[in-house]
Amino acid sequence: MSNNESVYNANSIEKYWQEIWEKEKCFQTNSVDGNKNYYVLEMFPYPSGRIHMGHVRVYTLGDVLARYKRCCGYNVLHPMGWDAFGMPAENAAFENNIHPRDWTKKNIKNMKEQLKSMGISYDWSKEISTCDPEYIKQQQKIFIKFFKAKLLYKKEAWANWDPVENTVLANEQVIDGKGWRSGVKIERKLLNQWFLSITKFSDELLQDLHLLKNWPENVKTMQKNWIGKSSGAEISFFLEAKCNNIEDFKGPLVVFTTRPDTIYGASFLALAPDHQLSTILSKTSKDIKKFITKWEETFSNEETLEKSQKEGIFTGLFAVHPFTKKSIPVYIANYVLSSYGTGAIFGVPAHDERDYIFAERYKLPIIQVVNSYSNQEIKLPYVGAGKMVNSDFLNNLDSSLAKEAIIKKLENMKAGSRKVKYRIRDWCASRQRYWGCPIPIIYREDGKIMPVDENELPVLLPDDIDFSKKKGNPLDNHPSWKYTTCKETGLNAIRETDTLDTFFDSSWYFIRFADPSHKDPINKEVADNWCPVHQYVGGIEHAVLHLLYARFFTKALSSLEDISFNEPFNGLFCQGMVCHKTYQDSKKNWIYPEEVRRENNKLYHKDTGDSVTELRSVKMSKSKKNIVDPVNIIKKYGADTARFFMLSDSPPERKLEWTSSGIDGSNKYLIKIWNFFKKLKLSEVSFYEDYDYKQEKNNNLVEKTHLYIDKITKSLDNFQYNVAVAQIRELSNVFLSYEASNEDSEGLIAIKFSLTKWIILISPMIPHLAEELWKILGYEKTLVTSQKWPKANLNYIKNTNAKIVVQINGKKKLVLDIPKNLNKKQTQELLMKREDVKTLIGNRDIKKTFVVPNKIFSLVI
RNA sequence: GCCCACUUGGCGGAAUAGGUAGACGCAAGGGACUUAAAAUCCCUUGUCCGUAAGGACGUCCCGGUUCGAGUCCGGGAGUGGGCACCA
């Protein structure tokens with residue numbers, strides 16, 4: 001108990017109230033039917049062992065919302081868990097000879113303690129960890145269900161290989177050609193991998209973005225670009241008769257184009273080096289084989305790929321142009337991608353930059369078929385729209401109309417058809433790592449691939465694993481684990497030794513939270529009751545990773561009727577990064593902020609005295625050492641100060657600059673508030689809920705309170721937490737100027753009324769101090785946490801005057817007090833009678849007037 | 001190259017719907033208290049002119065719409081982010 005102390009001791013106050021909340025089960029949620037449910041979720045953390053400032057920010061934001069909604073009468077679900085699988089645990093095992101499970105469990109314990117010290121209002125009874133056997137079991141059931149529904153398949157494909165993590169990665173995990181965690185250049189390998197059929201939902205994933213009204217536009221745009229829909233046509237090109245003796249290749253060569261209108265400009269065809277026909281041809285031609293081998297080497301290395309020129313090799317084949325019947329040479333070209341469209345294109349040098357370069361190099365014809373609308377000469381290649389030329393029946397058509405015309409013609413001729421293609425690829429979800437969810441599949445000796453029998457679930461990881469070998473898949477290297485038998489037939493079998501991408505784990509955890517101990521993966525009724533998540537909060541770095549995968553899972557589960565909702569997150573909020581200035585010593589080594597000493601505006605190293613350079617502020621990161629440890633901050637100032645600072649300085653979606661003066665400022669403010677409350681003696685003063693205060697003297701305080709209830713509520717509703725903080729300070733600046741000892745009993749009631757409301761308003765932000773103040777104010781028997789959110793009665797704002805601005809020709813000239821709520825005519829009549837207005841006008845003629853009641857009187861002279 | 005977002009004092013940022021630009025805070029300067037310092041409290045603080053009253057200018061730049069533009073429209077610059085041989 002702390003309120004007997006004479007200084008603000010945040011640590012003891014915070015510990016005290018955290019225990020009370022836990023004892024009273026304030027934040028436990030029971031599933032209740034009805035529409036007053038509200039599900040707030042922040043992206044669950046990877047248990048690295050220590051919270052960082054980014055965590056403090058996102059969890060504070062989520063908690064303000066959860067506590068606010070609870071006060072507003074919502075039945076709030078606010079759970080927390082652990083994204084517990086992943087590489088760092090395995091790395092720790094290599095380095096420190098500790099089992100990943102033990103390492104992870106220890107980290108969870110530490111981080112849970114740290115999170116609890118922040119006073120976040122989680123329902124810890126719903127805690128889940130993705131490495132729990134129960135979660136693994138339920139997830140394996142989902143895997144098998146997807147497998148049976150053909151939403152999962154295994155295939156050999158070029159995969160992104162991370163040479164540091166020794167595993168494949170999904171396309172979404174490759175950023176700028178580098179591994180998203182390791183940061184090293186990704187290699188390409190031809191491997192047999194498990195894929196999730198995310199492309200089956202390409203169109204739905206794209207279309208339903210429109211339904212996500214409460215998502216940030218930039219995230220939606222990123223997903224839209226990632227899905228990358230383009231519409232055009234597939235066109236069949238027949239090879240000339242003399243070329244038709246190629247074994248294993250039947251039928252026409254099909255190309256995809258978004259510009260079928262330019263077909264009369266086609267002067268060559270080009271195949272991807274790994275196109276089926278290229279592979280066939282390489283068997284009989286040494287030169288082609290050489291070309292493809294060279295390409296494979298370049299292709300596996302992103303860096304040289306970027307610099308590589310457009311090259312190709314003539315195949316010796318010719319195709320027939322479907323309209324002109326001319327023969328067109330077929331090339332293999334290194335810039336054609338097998339993974340997009342059909343892996344083959346027709347080259348139109350006049351209207352495509354790449355084709356233009358290629359044609360120049362190999363002296364291929366450049367035929368212009370689109371001209372500018374004005375018929376002026378244009379520079380080739382010209383990729384824009386225009387008027388068709390040199391195109392037979394298309395001539396003079398607008399290129400967009402030509403596109404439609406040619407598709408119709410192709411369809412009539414049965415030489416092609418309208419096609420829509422997507423950039424998005426299926427999700428490669430297997431990983432050659434130990435610390436992940438085992439894939440519940442066995443390979444039977446007769447060659448059959450089968451899911452593990454449901455009675456055998458969960459398939460758990462073996463404990464006795466040798467981490468001393470750095471190469472290879474640890475599960476695959478285990479002496480016995482993978483050997484098993486088929487329970488049905490008794491045949492020998494080998495287990496799948498790959499584990500699942502951790503993004504699989506996080507693609508459905510938010511649904512599991514609804515009923516985390518249910519016997520099946522999803523309790524449909526309860527999940528439907530809570531989901532979609534009303535407000536999800538997390539970092540934008542997951543725009544095309546987790547957020548896309550979770551949307552896909554939701555659609556997949558919905559298609560299997562496991563849930564009735566179609567999108568996982570109704571509202572999404574992406575908080576900004578926490579940044580800090582960076583510092584370097586004279587040798588350009590990064591140094592920690594706390595090692596820097598400031599003297600006469602110059603910076604020195606605290607210990608060595610070396611001069612220090614201050615560099616720009618960037619996201620806090622270990623490598624640049626510009627980090628501030630939240631655990632130390634909470635120890636020094638308390639969680640409330642840290643939370644308050646996180647909310648005050650920047651809008652939540654923008655970057656937040658961490659400064660020591662900022663955190664100090666927040667702390668000073670809380671101390672000032674605490675001191676103010678401590679010297680009050682208001683516990684005996686009371687007021688009725690419908691308290692109506694009329695006395696002239698303290699009108700200001702009651703009015704302002706109502707006004708600010710309204711303002712603060714609106715700011716919270718709009719996620720403008722920094723504005724809400726400013727308004728909270730404004731209201732407190734009003735009451736801090738009151739000397740309670742000078743007030744009569746009516747005045748004391750007004751003060752108590754104002755303070756009571758103010759504490760509730762601030763309670764989502766600094767919950768511990770709010771409880772303490774609540775108690776000091778005399779409400780020992782209740783918790784501010786379970787109070788109703790105040791309602792502003794705007795009738796109380798009976799300010800009888802309005803400040804009206806008098807403008808002449810749009811320039812402000814006077815600000816006048818006049819009675820409030822006069823209509824336009826009354827306002828003008830009143831103002832025109834006033835001497836100051838008459839003086840202003842002088843003897844000039846008034847041409848026109850405008851009145852905005854209570855705001856503006858504008859004169860045109 | 002394509003797409004998106006942003007640009008307001010020394011700094012972080014406010015500004016319903018086009019209607020007093022700079023709320024709230026940080027930093028800075030001055031003052032009070034103190035033997036002194038810290039802490040606290042009070043005052044000043046967009047720029048320029050003026051002793052002052054007051055005036056002029058001012059939301060990245062240029063132009064437009066309007067009685068009135070930080071806000072709307074057209075053009076341009078800069079910063080940040082996403083995608084990138086996607087046919």
(message) Between the side chains of A/Lys421 and A/Glu234, is the shortest nitrogen-to-carboxylate-oxygen separation below 4.0 Å, so that they form an ion pair?
(response) yes
(message) Only pairs with both distances under 3.5 Å count, Watson-Crick or wobble alike; so what is the partner of B/U34 in this structure?
(response) none
(message) By the rule that syn is within 90° of 0, classify the base conformation of B/G9 as syn or anti.
(response) syn
(request) Using a 4.0 Å heavy-atom cut-off across all strands, classify A/Arg729 as base, sugar-phosphate, or nothing. (result) sugar-phosphate
(request) Any strand is fair game: report the nucleotide pairing with B/G58 by Watson-Crick or G-U wobble, both distances under 3.5 Å, or none. (result) none
(message) Which residues pass the side chain to side chain donor-acceptor pair (under 3.5 Å) test with A/Arg181, not counting sequence neighbours?
(response) none
(message) Without decimals, in angstroms, what is the distance between A/Trp226 CH2 and B/G82 P?
(response) 12 Å
(request) Verify the distance criterion only: is there a donor paired with an acceptor across the side chains of A/Ser230 and A/Tyr340 at less than 3.5 Å? (result) yes
(request) Output yes when at least one side-chain N/O atom of A/Asn733 is less than 4.0 Å from OP1 or OP2 of B/G25, else no. (result) yes
(message) Whole angstroms only, please: what is the CD-P distance between A/Gln173 and B/C83?
(response) 13 Å
(message) Using a 4.0 Å heavy-atom cut-off, does A/Val544 contact any base of the nucleic acid, only the sugar-phosphate backbone, or nothing at all?
(response) nothing
(request) Would you please say whether a donor-acceptor pair under 3.5 Å links the side chains of A/Tyr669 and A/Ser732? (result) yes
(request) Using the P atom as the reference point in each nucleotide, state the distance between B/G31 and B/G22 in Å, no decimals. (result) 28 Å
(request) Output the single nucleotide from B/C4, B/C57, B/A23 whose closest atom is nearest the side chain of A/Lys811. (result) B/C57
(request) Using the C1' atoms only, state how far B/G13 lies from B/C83, rounded to an integer number of Å. (result) 31 Å
(message) How many whole angstroms separate atom CZ of A/Arg259 from atom P of B/C85?
(response) 20 Å
(request) Using a cut-off of strictly less than 4.0 Å, decide whether A/Thr221 has a side-chain nitrogen or oxygen near OP1 or OP2 of B/A5. (result) no
(request) Please report, rounded to the nearest Å, how far the C1' atom of B/A5 is from the CD atom of A/Glu217. (result) 11 Å
(request) Answer yes or no: is there a donor N or O on one side and an acceptor on the other, between the side chain of A/Asn823 and the main chain of A/Lys825, under 3.5 Å? (result) yes
(request) Any strand is fair game: report the nucleotide pairing with B/A17 by Watson-Crick or G-U wobble, both distances under 3.5 Å, or none. (result) none
(request) For nucleotides B/C3 and B/A56, find the distance between their P atoms and express it as a whole number of Å. (result) 44 Å
(message) Please name the nucleotide paired to B/U65 by Watson-Crick or G-U wobble geometry with both distances under 3.5 Å, or report none.
(response) none
(message) Nearest whole Å is fine: how far is B/G82 C1' from A/Lys178 NZ?
(response) 16 Å
(request) Applying salt bridge (charged side-chain N to carboxylate O under 4.0 Å, His left out), name anything that partners A/Asp352, two or more places apart in sequence or on another chain. (result) A/Arg354
(request) Could you work out the separation of B/U16 and B/A52 based on their P atoms and round it to a whole Å? (result) 35 Å
(message) For A/Thr342 versus A/Val255, what's the shortest heavy-atom pair and its separation?
(response) OG1-CA, 3.3 Å
(request) Rounded off to whole Å, could you give me the CG-to-P distance for the A/Asn225 and B/G81 pair? (result) 17 Å
(request) Take A/Ile345 and A/Arg616, find for each the nucleotide of RNA chain B with the closest heavy atom, and name the residue whose nucleotide sits nearer the 5' end. (result) A/Arg616
(request) Assign a letter to each nucleotide of nucleotides 8-21 of chain B from its 5' end: B, base within under 4.0 Å of a protein heavy atom; S, sugar-phosphate only; -, no contact. (result) ----SSSS---BBS
(message) For a quick check of understanding: with a heavy-atom distance under 4.0 Å over all strands, which category does A/Lys847 fall into, base, sugar-phosphate or nothing?
(response) nothing
(request) Determine, for A/Lys224 against A/Glu217, whether the closest basic-nitrogen to carboxylate-oxygen distance falls under 4.0 angstrom. (result) no
(message) Rounding to an integer number of angstrom, what distance separates B/A39 and B/U51 when you compare their P atoms?
(response) 38 Å
(message) From C-beta outward on A/Lys310, which listed nucleotide comes closest to its side chain: B/C85, B/A84, B/C67?
(response) B/C85
(request) Considering only atom P, compute the distance from B/U59 to B/A69 and round it to an integer number of Å. (result) 11 Å
(request) Check every atom of B/A23, B/C85, B/G82 against the side chain of A/Met222 and return the nucleotide holding the closest atom. (result) B/G82
(message) It should be established whether A/Arg423 places a side-chain nitrogen or oxygen under 4.0 Å from OP1 or OP2 of nucleotide B/A87.
(response) no
(message) Check for me whether the distance between the ring centres of A/Tyr721 and A/Phe719 falls short of 6.0 Å.
(response) yes
(request) For nucleotides B/A17 and B/G81, find the distance between their P atoms and express it as a whole number of Å. (result) 30 Å
(request) Let me know, please, whether A/Thr258 or A/Ser661 comes out on the 5' side of the other along RNA chain B by nearest nucleotide. (result) A/Ser661
(request) Determine which nucleotide pairs with B/U79, using a 3.5 Å limit on both distances of a Watson-Crick or G-U wobble pair. (result) B/A5
(request) Name the pairing partner of B/G10, where a pair is Watson-Crick or G-U wobble with both distances under 3.5 Å, or state none. (result) B/C26
(request) Provide the distance between the two P atoms, one in B/U20 and one in B/A15, to the nearest whole Å. (result) 13 Å
(message) Distance to the ring centre below 6.0 angstrom and angle to the axis at most 45 degrees; does that hold for A/Lys711 and A/Tyr708?
(response) yes
